[in-house]
Every structure is written in C-alpha cells, then in structure tokens.
Amino acid sequence: MRFGVTMFATDRSMDVVELAREAEARGFESLYLPEHTHIPVSRRTPPPTGDAELPEEYARTLDPLVALAAAASVTSSIRLGTGVALPAQRDPIVTAKAIATLDLVSGGRFVFGIGFGWNEDELENHGVAMADRRAVCRERVLAMRSLWTQEVGGYQGEFTRIAPSWSWPKPVQRPHPPILLGGGAGPKLFAHIVEYANGWIPIGGAGLSSSLPQLRAQWAEAGRDPEELEVVPFGSIPDPGKLEHFERIGVTECVFRLPSASRDEVLPVLDRWAALLVR
C-alpha cells in the first residue's frame, strides 16, 4: 500500500514546490492538490465540511495543474495528482492539453483525481446546472480520453462536442494518466468509475469493508481486470491499526490530509506521518 499527502495549497500556505520536495524526501509516494476556481459569496450550498462557514482556503486555492507543474520541476519520483479536480467546470480541450503537457514534463507522474462538484453557485458560474454535473463531468472526461488516446480525437455528446481533431502532446502514461473518481459509495458512482475511471477516492474511508465488494462486483461484471482497480481513501486518520485494516481489504494507497498552513506547522505533521512509512 502506498502513502501520499494532500493539502489545500493557497497563497498563504506552505509553498507547493517546497512541500513536494519535502514529501518526496520523506518517502511519500504522492502529492494531491484540490481545485476550486472561485467561491461565490452566495451560499446556497452548505459547506461540505459541516462548518457554519466555509474555511478560507476554499477561496484561496491555487490552480492545481500550474502548482503541480512547478512541483514536477523539483522532484523526480513522487506522483503528482489532483485531489480533486472538477472537470464539469473545465474546458475539456484546454484541460486535456494541460494534463498531457504536465504528464510529459513530469515524466509520466500525473494522476487525475476528479469529482463532480458540490458547490451549486460555483457550478452555475461555469454554465453547469447542479442536476447536470455528473453527466457533464462524464462527457468531458470521455472527450479528454479521446484526445489523449486517438490520433484524431473528438466527442459528440449532449453537453460536450469536439469535432475530429489533432491534439498533441499525448500523455506519457498509456493509454492515459490514471483517473480516480471521488464520491460517496453507491451503484451510481460505481457505474461511473467502472465506465471511465481507474479507481475510487472515498473520503475518510469509513465503511470500505462493505462498499468495496460492491464496487469490485460491478467492476468484474464489466469485464475489467481486478488487478487494475485503485482504491485511494483521502483524509483517513493515520492510525497504524487502521492502515493495516486498509491493506488487508485491498486499499492501494492512503492519502493523509495536511493542514493548509505555514511551513512551520506543516513539516512537523509531515515528519510525524513519515514515521508510519517504516512498518
């Protein structure tokens, strides 16, 4: 089982370049950054954290692809991922190009962690209705996969239309960088994962013992190789007993959440968690 870290990288938190370098030096195998393009001041959607007010880092989040490109320039082995990006809020042509470029310059180290989006106001500013976000995300990912894997790519859907097109570079990873879909367990989410993703990002990891067999059953029914399924819980408590449980049930990677804070606050946490890597 691999170990990684994630942090809300902002203009006030520890520098991403330094974080990537320090995480790699301590043996962590991945660094994931989340995405929010902006946070409208209207608050139709309650914060997903359960807080009365949305934490400030949501509004100060760096663009993850730009930040990860900077991290790629100072590292050589750590995998660099979005955790999570929001395809429904992104132009698929531009995003496909940016991801292929990032995968190229990093030597094939990019991981495309994605989500449907939870903020109705934010989605609306991108021209996407809350009720359509899953369908929009699906179409845009399928369109990007076409551009990554086909010499002449394109897509014709309800929400996304790309005429047959040339688009280079292609990603270093074949057929494309891993796609991990985040969300709550259930047949609908698992159907999306089985169709166009390589794995699942469960938040926290509670209930995996009962939900993983359901995902594996849908995965097998679709004829997909069971060895290729990635299960990457985010934000789990870094407890040795819990980690041993995750490994027993087939979790492939566990990602610990760092505070969105200064270097002086982040590095002691990183050191404490790095001790778990020696087991």
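What you see is a predicted model, and the numbers here were worked out from it, not measured in a lab.
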**Request:** Determine, using the 4.5 Å side-chain heavy-atom cutoff (strictly less than), whether Val231 and Tyr196 are members of one ILVMFWY cluster.
**Result:** yes
**Prompt:** Gln214 and Ser210: which non-hydrogen atoms are nearest, and at how many Å?
**Reply:** NE2-O, 3.1 Å
**Message:** For Trp166, is the CH2 atom crowded, meaning more than 12 foreign heavy atoms sit under 6.0 Å from it?
**Reply:** no
**Asked** Which of these passes side chain to side chain contact (heavy atoms under 4.5 Å, CB included) with Phe8: Leu258, Thr61, Leu62?
**Response** Thr61
**Residues Glu122 and His38: side-chain donor-acceptor under 3.5 angstrom** = no
**Request:** Supply the atom-to-atom distance Cys254 SG to Glu29 CD, rounded to the nearest 0.5 angstrom.
**Result:** 12.0 Å
**Request:** Could you tell me whether the side chain of Ser236 and the main chain of Pro233 form a donor-acceptor pair under 3.5 Å?
**Result:** no
**Request:** Give a yes or no on whether the ring-centroid distance for Phe116 and His192 is below 6.0 angstrom.
**Result:** yes
**Item:** Cluster overlap Met14 with Tyr58, hydrophobic side-chain contacts below 4.5 Å
**Value:** no
**Prompt:** Any side-chain heavy atom of Leu65 sitting closer than 4.5 Å to one from Phe110?
**Reply:** yes
**Prompt:** Does any N or O in the side chain of Lys97 come within less than 3.5 Å of the main-chain N or O of Trp168, such that one atom is a donor and the other an acceptor?
**Reply:** yes
**Item:** Reported CZ-to-CG distance for the pair Arg248 and Leu243, which is rounded to 0.5 angstrom
**Value:** 11.0 Å
**Heavy-atom closest pair, residues Pro202 and Leu208** = CG-CD2, 3.8 Å
**Atom of Gly113, atom of Thr82 and distance for their closest heavy-atom approach** = O-OG1, 2.8 Å
**Asked** So, Asp103 versus Gln173: side-chain donor-acceptor pair below 3.5 Å or not?
**Response** yes
**Test log, rule side-chain contact (heavy atoms from CB on, under 4.5 Å), inputs Leu80 and Val111** = CA-CA 6 Å; Leu80 303 165; Val111 181; over 6 Å; no
**Message:** Between Arg133 and Gln89, is the side-chain contact (heavy atoms from CB on, under 4.5 Å) condition met? List the steps.
**Reply:** CA-CA 9 Å; Arg133 69 194 190 283; Gln89 299 178 189; over 6 Å; no
**Message:** Working to the nearest 0.5 angstrom, can you tell me the gap between Asp239 CG and Glu244 CD?
**Reply:** 8.5 Å
**Request:** Mind listing the closest non-hydrogen atom pair of Ser30 and Gly4 along with its distance?
**Result:** OG-CA, 3.1 Å
**Message:** When you compare the side chain of Ile162 with that of Leu147, does any pair of heavy atoms fall below 4.5 Å?
**Reply:** yes
**Item:** Chi angles and distances behind the side-chain contact (heavy atoms from CB on, under 4.5 Å) call for Val84, Tyr32
**Value:** CA-CA 8 Å; Val84 296; Tyr32 292 87; over 6 Å; no
**Message:** Do Leu31 and Leu19 have side chains that approach each other closer than 4.5 Å (heavy atoms only, starting at C-beta)?
**Reply:** yes
**Asked** How about Glu57 and Thr10: does a side-chain donor come under 3.5 Å of a side-chain acceptor?
**Response** no
**Request:** Taking the side chain as every heavy atom from C-beta outward, state whether Val269 and Val266 have any pair of such atoms under 4.5 Å apart.
**Result:** no
**Complete:** Heavy-atom nearest pair, Ala71 first then Val17, reads N-CG2, 4.3 Å
**Request:** State plainly whether the residues Lys170 and Glu151 are in salt-bridge range, i.e. N to O under 4.0 Å.
**Result:** no
**Any Arg79 side-chain heavy atom under 4.5 Å of Arg2 side chain** = yes
**Asked** Which heavy atom of Thr45 sits nearest a heavy atom of Trp118, and at what distance?
**Response** CG2-O, 2.9 Å
**Asked** Near Ile249 CD1, under 6.0 Å, is it more than 12 heavy atoms from other residues, nucleotides or ligands?
**Response** yes
**Request:** Rounded to the nearest 0.5 Å, what's the gap from CD on Glu120 to CZ on Arg44? Could you check?
**Result:** 4.0 Å
**Item:** Close side-chain approach of Gln218 to Pro187, heavy-atom, < 4.5 Å
**Value:** yes
Please output the side-chain donor-acceptor pairs of residues 135-146 that fall under 3.5 Å, not counting sequence neighbours, one pair per line with the distance.
unit_1	atom_1	unit_2	atom_2	d
Arg138	NE	Glu195	OE1	2.9
Arg138	NE	Glu195	OE2	3.2
Arg138	NH2	Glu195	OE2	2.8
Glu139	OE1	Glu158	N	3.2
Glu139	OE1	Phe159	N	2.7
Glu139	OE1	Thr160	N	2.9
Glu139	OE2	Glu158	N	2.9
Arg140	NH1	Ala88	O	2.6
Arg140	NH1	Arg90	O	3.3
Ser146	OG	Gly154	N	3.0
Ser146	OG	Gly154	O	3.0

**Chi angles and distances behind the ring-ring contact (aromatic ring centres under 6.0 Å, His included) call for Phe190, Trp219** = CA-CA 8 Å; Phe190 293 164; Trp219 189 267; over 10 Å; no
**Asked** What about Leu33 and Phe256, same hydrophobic cluster or not, with Ile/Leu/Val/Met/Phe/Trp/Tyr joined at side-chain heavy-atom distances under 4.5 Å?
**Response** yes
**Request:** Consider only side-chain heavy atoms of I, L, V, M, F, W and Y, link residues closer than 4.5 Å, and tell whether Leu215 and Met1 are in one cluster.
**Result:** yes
**Verdict with supporting geometry, Glu228 and Asn198, side-chain contact (heavy atoms from CB on, under 4.5 Å)** = CA-CA 7 Å; Glu228 295 180 354; Asn198 303 95; 5.7 Å; no
**Request:** Check whether any side-chain heavy atom of Trp200 lies under 4.5 Å from a side-chain heavy atom of Ser211, and answer yes or no.
**Result:** yes
**Asked** Are Leu86 and Leu123 linked, directly or through other ILVMFWY residues, by side chains that come within less than 4.5 angstrom of each other?
**Response** no
**Request:** Could you tell me whether the side chain of Ser165 and the main chain of Ala163 form a donor-acceptor pair under 3.5 Å?
**Result:** yes
**Asked** Got a second to check how far Leu212's CG is from Leu229's CG, nearest 0.5 Å?
**Response** 7.5 Å
**Prompt:** Counting distance only, does the side-chain N/O of Glu124 pair as donor-acceptor with the main-chain N or O of Ala129 below 3.5 Å?
**Reply:** no
**Contact check, side chains of Leu267 and Glu22, non-hydrogen atoms, under 4.5 Å** = yes
**Prompt:** Does the pair Glu18 and Arg263 meet the rule for a salt bridge (Lys or Arg N to Asp or Glu O under 4.0 Å), with working shown?
**Reply:** CA-CA 9 Å; Glu18 185 178 19; Arg263 178 183 189 277; 2.4 Å; yes
**Message:** Between Arg109 and Thr75, do the side chains contain a donor N or O and an acceptor N or O under 3.5 Å apart?
**Reply:** yes
**Asked** How long is the gap from CD1 on Ile201 to CD on Glu253, to the nearest 0.5 Å?
**Response** 9.0 Å
**Item:** N/O donor-acceptor pair under 3.5 Å between Asp63 side chain and Val66 backbone
**Value:** yes
